[in-house]
Amino acid sequence: MATAITEGIKISVEASYQKEFSNPNMHHFVFTYKVTIQNCNPFTVQLLRRRWEIHDAAESLKLVEGEGVVGQQPVLEPGNTHTYLSGCTIKSGMGKMKGNFYVEKLNDGKMLTVTIPEFQLIANIFNN
């Protein structure tokens with residue numbers, strides 16, 4: 001698990017290779033990742049946007065940007081967490097991801113850039 005704290009927001013990410021949905025012979029490797037966002041601040045924040053960098057050993061960098069996470073823009077009061085599951089595909093069995101969340105402090109409208117820590121995407125194609 002990869003963890004980082006930026007601007008009082010703790011981000012933890014855990015990735016898993018999804019062998020049953022992958023096809024290595026066709027250069028199709030599927031991964032899921034669970035992200036936990038915890039607001040360690042004394043103020044409420046709302047996650048508005050995300051930006052991911054997906055590095056695939058077989059391809060160049062792919063950027064994914066958009067509103068919220070899996071269709072939501074969660075509001076996190078002090079001490080609260082939000083967890084979601086998402087996924088990606090890559091063409092090789094090895095890669096990595098990292099990025100940023102953009103959150104707004106609801107008390108004053110200030111925007112914060114929160115680091116999503118880098119984590120590995122490694123297909124374990126030899127285990128059941």
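Keep in mind that the numbers below use all heavy atoms, side chains included, and drop hydrogens, waters and symmetry copies. Treat the numbers as computed from the prediction; the structure is a model and nothing was measured.
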Colleague: Do the side chain of Gln73 and the main chain of Leu48 share a donor and acceptor less than 3.5 angstrom apart?
Modeller: yes

Colleague: According to the interplanar angle, ranging from 0 to 90°, do the rings of Phe29 and Tyr17 count as parallel (below 30°), tilted (30 to 60°) or perpendicular (above 60°)?
Modeller: tilted

Colleague: Check the pair Arg51, Arg49 against side-chain contact (heavy atoms from CB on, under 4.5 Å), reporting the backbone distance first and the verdict last.
Modeller: CA-CA 7 Å; Arg51 180 180 187 275; Arg49 299 190 59 77; over 6 Å; no

Colleague: Determine whether Leu106 and Tyr102 fall in the same hydrophobic cluster, where Ile, Leu, Val, Met, Phe, Trp and Tyr are linked whenever their side-chain heavy atoms lie under 4.5 Å apart.
Modeller: no

Colleague: Atom CD in Glu53, atom CD in Glu65: separation rounded to 0.5 Å?
Modeller: 9.5 Å

Colleague: From Leu47 CG over to Gln72 CD, what is the distance, rounded to the nearest 0.5 angstrom?
Modeller: 10.0 Å

Colleague: Give a yes or no answer on whether the side chain of Asp108 reaches the backbone of Lys110 with a donor-acceptor pair at less than 3.5 Å.
Modeller: yes

Colleague: Looking only at heavy atoms, which two atoms of Arg50 and Gly68 are closest? And how far apart?
Modeller: NH1-O, 3.0 Å

Colleague: If you define the side chain from C-beta out and look only at heavy atoms, does anything of Gln120 sit under 4.5 Å from Glu118?
Modeller: yes

Colleague: When you measure from the side chain of Asn41 to the backbone N and O of Glu7, does any donor-acceptor pair fall under 3.5 Å?
Modeller: yes

Colleague: Hydrophobic clusters here meaning ILVMFWY residues chained together by side-chain heavy-atom distances under 4.5 Å, can you tell me if Val103 and Val69 are in one?
Modeller: yes

Colleague: Which value, rounded to the nearest 0.5 Å, describes the distance between Thr113 atom OG1 and Phe101 atom CZ?
Modeller: 12.5 Å

Colleague: To check you understand the geometry: which heavy-atom pair defines the closest contact between Ile90 and Gly95, and what is its length?
Modeller: CD1-N, 3.9 Å

Colleague: Just wondering, are more than 12 heavy atoms of other shown residues or ligands nearer than 6.0 Å to CZ in Phe43?
Modeller: yes

Colleague: Kindly check if the number of other-residue, nucleotide or ligand heavy atoms within 6.0 Å of CE (Met111) is above 12?
Modeller: yes

Colleague: For the CD atom of Gln38 and the OG1 atom of Thr3, what is their distance to the nearest 0.5 Å?
Modeller: 10.5 Å

Colleague: For the pair Asp56 (side chain) and Lys91 (backbone), establish whether a donor and an acceptor sit closer than 3.5 Å, ignoring hydrogens and angles.
Modeller: yes

Colleague: Do Trp52 and Ile122 share a hydrophobic cluster (ILVMFWY, side-chain heavy atoms under 4.5 Å, transitive)?
Modeller: no

Colleague: Would you sort out whether His28 and Thr89 count as a side-chain contact (heavy atoms from CB on, under 4.5 Å), showing the intermediate values?
Modeller: CA-CA 7 Å; His28 182 78; Thr89 61; 3.7 Å; yes

Colleague: Can you confirm whether Lys105 is buried at NZ, in the sense that more than 12 heavy atoms of other residues, nucleotides or ligands lie under 6.0 Å from that atom?
Modeller: yes

Colleague: Where do Asn39 and Asn80 land on the side-chain contact (heavy atoms from CB on, under 4.5 Å) test, with the steps shown first?
Modeller: CA-CA 6 Å; Asn39 182 10; Asn80 283 4; 5.6 Å; no

Colleague: Do Tyr84 and Val45 sit in the same hydrophobic cluster, where Ile, Leu, Val, Met, Phe, Trp and Tyr count as joined when their side-chain heavy atoms come under 4.5 Å apart?
Modeller: yes

Colleague: In this structure, which one of Leu121, Val13, Ile116, Leu85 forms a side-chain contact (heavy atoms from CB on, under 4.5 Å) with Tyr33?
Modeller: Val13

Colleague: In Å and rounded to the nearest 0.5 Å, what is the CD to CG distance from Gln46 to Leu76?
Modeller: 9.5 Å

Colleague: State yes or no: do Val75 and Val114 share one hydrophobic cluster built from I, L, V, M, F, W and Y residues joined by side-chain heavy-atom distances below 4.5 Å, directly or via other members?
Modeller: no

Colleague: Nearest 0.5 Å please: distance from the CZ atom of Phe31 over to the CD atom of Gln18.
Modeller: 9.0 Å

Colleague: Counting neighbours of CE on Met1 that are heavy atoms of other residues, nucleotides or ligands and sit closer than 6.0 Å, is the number greater than 12?
Modeller: yes

Colleague: Backbone N or O of Pro24 within a donor-acceptor pair of the Ser22 side chain at under 3.5 Å?
Modeller: no

Colleague: Would Ile9 and Ile37 count as a side-chain contact (heavy atoms from CB on, under 4.5 Å) here? Give the steps.
Modeller: CA-CA 7 Å; Ile9 309 291; Ile37 305 160; 3.7 Å; yes

